[in-house]
Amino acid sequence: MSELRFDIIKQHWVIIATERGRRPRDFQNVPKVIDTVACPFCYGYESKTPPEIFAIREYGAANTPGWKVRVIPNKYPALRVEGDVKSRGYGLYNVREGIGAHEVIIETPDHKKSMADFSQEEITDVLKAYRARFLDLRNDFRLRYMVLFKNHGVQAGASLSHSHSQLIAVPLTPPVASMELEVSREFYQKNERCIFCDLIEFELNAGVRVVSETSDYIVTAPYASCFPFELRLYPKQHLHDFAVMNDMQLSNLALAMKDMLQRIKVVLGDPPYNFILHNSPPVHNRPGKPDYWGSIKWDYHWHIELVPRLTQIAGFEWGTGFYINSTSPEDAAAFLRDADLSL
């Protein structure tokens, strides 16, 4: 029988339609390939992109081959750094200037290599680039939040097949992040505990939605998963800010991420997916709200959300805000736990 489940973090309802019972074979993916005659993210084409902002290199000068990870401004940015943050009214509406930053993290010089096939060291280098860019962008007091995301595959929104991720910094806190932050703060004020830490402890004890676990990280299928095979990766230790992670913590995270991505690839046939790094915002003083982020060090818990793009949002979802998931998170976790990663 179907169940309605409530996501305590995102504050929305999900329908787990268990009678549909879709299994991994029902979602087997045939990747759509983007034809690129001369990929601007490959070695030798550095002049085809904007000048790099940051790079991890084996050799060579900036904007030449020899890099392992390269960060550039997006050539067609959604937001631009230049200008002042201005807010104005337009009748009943609010309008702000499109100020922000839009960067691309080119994760490897190898055009055909996906992140699931990276070594632990290669993923660690990508994570170091993420950390460096978070730390740099938060020095701009106009920017209130940074969204780090990866679109893998055409159906997930990738315009180039070369493995890359993106970072967009915005001058306000997005609604999804605001909800998570407010729920976390309210729970802490009432209970003096982190809601994510409680969630992690509950899932470890329950076991049925745990996909994998290391000494430092846990991957679970969320209780109220919106989509089949949706996953969340959490540090088991309470950590509110990804950007203050040290190199050893990033290396351990890389191992957990590689395991998670390989399981998705093996079970579902390298499906398109999105992942999003949910992090705490820069703790800038806000006029009239001196204590706005006063408890964030204790109440928030950074995490990664991964969503395979196996189904589409249709009229019911748009009209109600409810999601229908045809594969229970318990079944999804079991399929992924049993994946043979030795193949």
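Along the sequence shown, the residues carry numbers beginning at 1.
- Using a 4.5 Å cut-off on side-chain heavy atoms (C-beta onward), P50 and N74 make no contact.
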- Query: Would I264 and L306 satisfy side-chain contact (heavy atoms from CB on, under 4.5 Å), going step by step from the backbone distance to the final call?
  - Reply: CA-CA 10 Å; I264 287 290; L306 187 147; 4.2 Å; yes

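- In this structure, I16 and R5 approach most closely via the heavy-atom pair CG1-CD, 3.7 Å.
- Residues Y223 and D7 have side chains not in contact (no heavy-atom distance under 4.5 Å, counting atoms from C-beta outward).
- Between S184 and F187, every side-chain heavy-atom pair lies at or beyond the 4.5 Å cut-off.
- Between S161 and H111, the closest side-chain pair of non-hydrogen atoms falls below 4.5 Å.
- A donor-acceptor pair is defined here as one N or O able to donate and one able to accept, closer than 3.5 Å; such a pair exists between the side chain of H238 and the backbone of K297.
- Under a cut-off of 6.0 angstrom, the local environment of OH in Y45 is sparse, with at most 12 non-hydrogen atoms contributed by other residues, nucleotides or ligands.
- The backbone N or O of L336 lies less than 3.5 Å from a partner atom in the side chain of R263, making a donor-acceptor pair.
- Under the 4.0 Å criterion applied to side-chain N and carboxylate O atoms, D125 and R57 are not assigned as salt-bridge partners.
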- What's the verdict on side-chain contact (heavy atoms from CB on, under 4.5 Å) for L167 and I105, showing C-alpha distance, side-chain angles and the deciding distance? CA-CA 8 Å; L167 178 60; I105 300 92; 4.1 Å; yes

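- In terms of hydrophobic clustering, with Ile, Leu, Val, Met, Phe, Trp and Tyr side chains grouped at heavy-atom distances under 4.5 Å, Y323 and L310 are assigned to different clusters.
- No single ILVMFWY cluster, assembled from side-chain heavy atoms under 4.5 Å apart, contains both F202 and I8.
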- Dump the intermediate steps for salt bridge (Lys or Arg N to Asp or Glu O under 4.0 Å) on D299 and R185, then the final yes or no. CA-CA 6 Å; D299 65 44; R185 183 170 54 226; 5.8 Å; no

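- Between D110 and H162, the closest side-chain pair of non-hydrogen atoms is not below 4.5 Å.
- Taking the six-membered ring where tryptophan is involved, the planes of Y300 and H303 are tilted, since the angle between them lies from 30° to 60°.
- Residues K150 and S163 meet the side-chain proximity criterion, which asks for heavy atoms closer than 4.5 Å.
- Atom CG of L199 is separated from atom SG of C194 by 9.0 Å, given to the nearest 0.5 angstrom.
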- Do E103 and I72 pass the side-chain contact (heavy atoms from CB on, under 4.5 Å) test, and can you show the C-alpha distance, the side-chain angles, and the key distance before you say yes or no? CA-CA 6 Å; E103 302 178 357; I72 60 172; over 6 Å; no

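- The nearest pair of heavy atoms linking F242 to L127 is CZ-O, 3.8 Å.
- Contact record, A156 with N274: O-ND2, 2.9 Å, taken as the closest heavy-atom pair.
- Annotation for L143 and G100: closest pair CD2-CA, 3.7 Å, computed over non-hydrogen atoms.
- Of the residues listed (I218, D259, L253), the one engaging L233 in a side-chain contact (heavy atoms from CB on, under 4.5 Å) is L253, and it is the only one.
- A salt bridge is absent between E121 and K128: the closest approach of a Lys/Arg side-chain nitrogen to an acidic carboxylate oxygen does not fall below 4.0 angstrom.
- Atoms CD and NZ, on Q120 and K258 in that order, are 9.0 Å from each other to the nearest 0.5 Å.
- Taking 4.5 Å as the limit, some side-chain heavy atom of L239 sits within range of a side-chain heavy atom of Q249.
- Taking CD of E213 as the start and CG of D216 as the end, the distance is 10.5 Å to the nearest 0.5 Å.
- Side chain to side chain, Y130 and S165 meet the donor-acceptor criterion of an N or O pair below 3.5 Å.
- Taking all atoms of both residues into account, the shortest heavy-atom contact from L79 to V170 is CD1-CG1, 3.6 Å.
- Ring geometry, Y188 versus W298: the interplanar angle falls under 30°, so the pair is classed parallel (tilted spans 30 to 60°).
- Minimum heavy-atom separation, G44 to P65: N-CG, 3.8 Å.
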- Query: Should H12 and C226 be marked as a side-chain contact (heavy atoms from CB on, under 4.5 Å) after you check the CA-CA gap, both sets of side-chain angles, and the distance that decides it?
  - Reply: CA-CA 10 Å; H12 62 211; C226 294; 3.4 Å; yes

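- The hydrophobic clustering, which links ILVMFWY residues whose side-chain heavy atoms are closer than 4.5 Å, places V307 and F229 apart.
- Using a 4.5 Å heavy-atom threshold, the side chains of H278 and W302 count as separate.
- The pair R232-E230 meets the salt-bridge criterion, since a charged nitrogen lies less than 4.0 angstrom from a carboxylate oxygen.
- Remark: the T327 side chain and the D331 side chain contain no N/O donor-acceptor pair separated by less than 3.5 Å.
- Judged purely by atom type and a 3.5 angstrom limit, Y145 uses its side chain to pair as donor or acceptor with the backbone of N279.
- The aromatic rings of H301 and Y234 sit perpendicular, their planes meeting at an angle over 60°, well past the 30° parallel limit.
- Counting only N and O atoms by type, the side chains of T108 and E122 include no donor and acceptor under 3.5 Å apart.
- Rounded to the nearest 0.5 Å, atoms CE (M257) and CG (N252) are 13.0 Å apart.
- Counting heavy-atom neighbours within 6.0 Å of K113 NZ, excluding the residue itself, gives a total above 12.
- The side chain to side chain donor-acceptor pair (under 3.5 Å) pairs that include a residue from residues 199-208 are E203-R209, where partners are two or more places apart or lie in different chains.
- Here the OG1 atom belonging to T64 is positioned 8.5 Å from the CZ atom belonging to R70, to the nearest 0.5 angstrom.
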For residues 312-322, which side-chain N or O atoms pair as donor and acceptor with protein atoms under 3.5 Å away, sequence neighbours left out?
from: E317; atom 1: OE1; to: A314; atom 2: N; distance (Å): 3.1
from: T320; atom 1: OG1; to: F316; atom 2: O; distance (Å): 2.6
from: T320; atom 1: OG1; to: F322; atom 2: N; distance (Å): 3.0

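- Between D136 and R131, none of the side-chain N atoms (NZ, or NE/NH1/NH2) sits under 4.0 Å from a carboxylate O, so this pair counts as no salt bridge.
- Grouped with Y90 in one hydrophobic cluster are Y93, V95, the linkage being side-chain heavy-atom contacts under 4.5 Å among Ile, Leu, Val, Met, Phe, Trp and Tyr residues.
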- Check step by step if side chain to side chain donor-acceptor pair (under 3.5 Å) holds for W67 and E52. CA-CA 11 Å; W67 52 272; E52 64 192 46; 5.8 Å; no

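- Salt-bridge annotation for K265 and D117: present, with a side-chain N of the basic residue lying under 4.0 Å from a carboxylate O of the acidic one.
- Linking ILVMFWY side-chain heavy atoms closer than 4.5 Å, directly or via other members, places F41 and F149 in two distinct hydrophobic clusters.
- E58 contributes atom CD, which lies 5.5 Å from atom NZ of K68 (distance to the nearest 0.5 angstrom).
- Hydrophobic clustering (ILVMFWY, side-chain heavy atoms < 4.5 Å, transitive): M245 and I276 are in distinct clusters.
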